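Reading through the structure tokens given below for one structure.
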Amino acid sequence: MNAPAFPSVTDAAVSHAGMANAVRFLAVDAVERAKSGHPGMPMGMADVATVLFTLFLKFDAADPNWPDRDRFILSAGHGSMLLYALLHLTGYDGVTIEQLQAFRQWGSKTPGHPEYGHTPGVETTTGPLGQGIATAVGMALAERLMNARFGDELVDHFTYVICGDGCLMEGLSHEAISLAGHLGLGKLIVLFDDNNISIDGNTSLSCSDDQLARFGASGWDASRIDGHDPQAIAAAIARARRSDRPSLIACRTVIGYGAPNRQGSEKVHGAPLGADEVAATRSMLGWPHEPFHVPSAVRTRWLAAGSRGSAARQTWIEHSRRACANGRSAFHDALNRKLPCGYAEAISDLSARFGVERPAIATRQASQRVIDAIAQALPNLLGGSADLTHSNLTKAGSQKPVSPAAFDGSYIHYGIREHAMAAAMNGIALHGGFIPYGGTFLTFADYSRPAIRLAALMGLRVIHVMTHDSIGLGEDGPTHQPVEHLASLRAIPNLLVFRPADAIETAEAWDCALRAETSPSILCLSRQAVPAFRHGGVETNMVAAGAYVVVEPSGARDVTLIATGSELSIALAAAKLIERDGVAAAVVSAPCFELFRRQSRDYQREVLGDAPRVGVEAAVEGDWARWLGDAGEFVGMTGFGASAPAETLYREFGITPEAVAEAAKRSIKRAQHSRVPRAG
Ligand SMILES: Cc1ncc(C[n+]2csc(CCOP(=O)(O)OP(=O)(O)O)c2C)c(N)n1
């Protein structure tokens, strides 16, 4: 817990300046070679990063995934070369000098912005400003939660963030800072690149915030230092590590430090310096070396920094071995991404019960029953809601709220901070040890969308429980009624958007989401009750197929009705209506387009059939057309909803069994018409 004894940063054989300049010039040379990138930030923050990595950061380059390592988040992702230079110099496998020379090129380990899972040592994908700091809040929270469960010997690390003015101007930072301050995340330390410059010029163009006062008001320790004075940097970090509050260290720096004609100006933010300025910088900083050359004494000292944590890691391995002396341990179970056997039993018992009871309840209520049924079998399930717990029905009876005095809890009251909730859940998933889920209304998915997109890009198992999923929510009106959200969320690659139609499908959707180790999920759930249509006794998870046949007529199909969620019962009623007129309709439930897309062509054809198709969903059409074909028709919304009881809205907006029946008949006619060969 105490600050490490650090040598005077100037009395080692290689000076601090030599170490920091190695970082600076790798960044300068890589940006120059790529002819694009951001040299200013790495040049400005090289001193801070050097002090952090050589004296404080607990890490071992030989094992980038050691669970008790400190986390380092480069929230200012545009300064990616700062991170790549550090990873290279400290000896991360694969981050070679050739990779730095291939900065921003196809297939390299050094993409424009840091990408999780692509480069060892990159803890999260950053680039959209503000995401890194908010993700880090989730990591720091996960650390405390794990610490409360497993103790200092197994979990005791810091989360460090480098962010810039841009991250702090983003609204997301406010939510994140506020949440971290409330929870008293003392092991979160933010190093703010306080250089007063962003792309347009001086930050005074657009911002007059007193950042220290702002963080102070949210319960942080906040101080300002000279970001080029290694002693001051070290002292501030040491102080921050002793604090029981999160800490902001505003590091006053000069962007592009050392570039004589460009430093301190926006000109150095996001463009190569150019050959003349690079030469002038070499001369000003006393760095006569060829591009990409690091003198061996400097290299040796950096590599030593990279293995500084080796002894701590060995000690941790011993502790970890002791923890599972009897073969298994709760700690290792938590880190294991596989679901325990107890979970499988709990979820299949519940599905069977739903099959017998056939409850006509809202899918959000079914979800509540799922959570209650699995919470104890899944001790690493970490729930929460953005202040809609009683509407989202996200809290299991057994879950205790998390608070600064109770990190052993497993339910987070995120407050009305949807975006920070989504980003923090990403951080929790990245940290390891938990499966996070969090609730809000589907219409507010837009507030969290940037973080959801990053979860999909990173392939994180994060579960969003989004209730009140259509006009079916009724009287709250069009502000609260999602219409375009399903379509827009389905457009995000690798995001599983589920819209279950009854209690059994809800249990199956939860099961899919929990088993999706490399995809985030959104469970879109109804406020209003829906009838049960599935019977018990089906062992297979039907939702996992994305879409499946619910009703198959005995003879050939005249039409196929495809619906999701609360509209499935409308499709089923429509099928009965047209049956009276001798029309044979199949009914397909399509709870997850993305999973259906992943099925074989044969299976898709089998489900969709050759007959004309009608889609039913109380939302805008989006990409339904791809499933409906030329003759098909969509019954849904074409604009915003309105404030009225749900039944009135369904009637007024024409989403009824009668309307579906009419659409079916029209589709059949259209199909027949198109089959008649044209004369002449
Ligand atoms: C959400 C978001 N908006 C805009 C951008 C484009 N952008 C990249 S860096 C930057 C300016 C950041 O300024 P600052 O954090 O002060 O970085 P510095 O100039 O000090 O490197 C902007 C607007 C972005 N990456 N993310």
Side-chain angles (χ1 to χ4, degrees), residues 23-24 27-28 30-31 34 36-49 73-85 104 111-116 122 124-136 161-177 190-211 214-215 224 227-228 248-259 262-273 418-420 422-423 426 446-455 457:
V23 173
R24 277 192 184 99
V28 165
V31 171
S36 79
H38 301 77
M41 184 273 186
M43 295 172 80
M45 283 300 275
D47 292 308
V48 172
I73 310 305
L74 185 70
S75 191
H78 58 280
S80 55
M81 264 313 305
L82 176 76
L83 181 51
Y84 300 147
R104 294 182 152 235
H113 294 84
E115 292 178 33
Y116 171 73
V122 171
T124 181
T125 297
T126 52
L129 296 171
Q131 291 294 333
I133 186 172
T135 304
V161 180
I162 284 184
C163 76
D165 294 289
C167 290
L168 299 190
M169 284 192 213
E170 289 292 348
L172 171 58
S173 73
H174 183 73
E175 294 180 26
I177 291 162
V190 173
L191 300 152
F192 164 35
D193 180 15
D194 185 15
N195 63 17
N196 285 332
I197 293 290
S198 65
I199 291 181
D200 279 2
N202 198 287
T203 50
S204 61
L205 286 170
S206 58
C207 190
S208 312
D209 293 345
D210 176 342
Q211 297 291 4
R214 177 185 173 216
F215 277 77
R224 177 167 276 120
H228 297 297
L248 171 81
I249 305 171
C251 308
R252 202 20 82 76
T253 61
V254 176
I255 190 169
Y257 180 89
R262 295 196 164 207
Q263 64 179 7
S265 118
E266 70 276 15
K267 289 195 191 87
V268 79
H269 162 93
L273 298 182
E418 295 83 3
H419 200 175
N426 290 351
D446 288 342
Y447 277 61
S448 0
R449 188 180 176 92
I452 295 172
R453 180 175 189 271
L454 279 187
L457 177 58

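Start at 1 and go down the list; that is how both ligands and their atoms are numbered. If you're wondering where the values come from, they're calculated on a predicted model, not measured in any experiment.
Polar contact with ligand 1: absent for M41 (N/O pair, distance under 3.5 Å). Residue contacts with ligand 1: P128 is placed with no nitrogen or oxygen under 3.5 Å of a nitrogen or oxygen of the ligand (distance criterion only). Residue contacts with ligand 1: C167 is placed with no nitrogen or oxygen under 3.5 Å of a nitrogen or oxygen of the ligand (distance criterion only). Taking only nitrogen or oxygen atoms, main chain and side chain alike, I199 does not reach within less than 3.5 Å of ligand 1.
Ranking protein heavy atoms by distance to atom 5 (C) of ligand 1, first place goes to L129 CD1, 4.0 Å. Distance from atom 13 (O) of ligand 1 to its nearest protein heavy atom, with residue and atom name: S198 CB, 3.3 Å. N195 ND2, 2.7 Å is the protein heavy atom nearest to atom 20 (O) of ligand 1. In this structure, the protein non-hydrogen atom closest to atom 18 (P) of ligand 1 is H269 ND1, 3.4 Å. Of the protein's non-hydrogen atoms, the one nearest atom 14 (P) of ligand 1 is G166 N, 3.6 Å. At the shortest separation from atom 17 (O) of ligand 1 among protein heavy atoms lies H78 NE2, 3.2 Å. Of the protein's heavy atoms, I197 O, 2.7 Å lies nearest to atom 16 (O) of ligand 1.
Atoms of ligand 1 found under 4.0 Å from any heavy atom of G164, numbered from 1 in the order shown, are 15 (O).
The closest approach between any non-hydrogen atom of G127 and ligand 1 is below 4.0 Å.
Contact annotation for I255 and ligand 1: only side-chain heavy atoms (C-beta onward) come within less than 4.0 Å of the ligand. Residue contacts with ligand 1, taken as heavy atom pairs separated by less than 4.0 Å, involve E170 solely via side-chain atoms from C-beta onward.
When all heavy atoms of C163 and L168 are compared, the closest pair comes out as SG-CD2, 3.7 Å. When every heavy atom of S75 is checked against every heavy atom of V161, the shortest pair comes out as CB-CG1, 3.8 Å. The shortest non-hydrogen separation linking G130 to C167 is N-SG, 3.5 Å. Nearest heavy atoms, Q263 versus G256: CB-O, 3.2 Å.
Ring planes of H113 and H38: tilted class, angle from 30 to 60°.
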Checking V122 against T124 for the side chain to side chain contact (heavy atoms under 4.5 Å, CB included) test, could you report, in this order, the C-alpha distance in whole Å, the side-chain angles of both residues, the deciding distance, and whether it holds? CA-CA 6 Å; V122 171; T124 181; over 6 Å; no
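Summarising the local packing, CZ of R453 is surrounded by 12 or fewer heavy atoms from other residues, nucleotides or ligands at distances under 6.0 Å. For D210, the CG atom is densely surrounded, since the number of other residues' heavy atoms within 6.0 Å is greater than 12.
T253 and D193 share a side-chain donor-acceptor pair at under 3.5 Å.
By the 4.5 Å heavy-atom criterion applied to side chains, M81 and V28 are not counted as neighbours.
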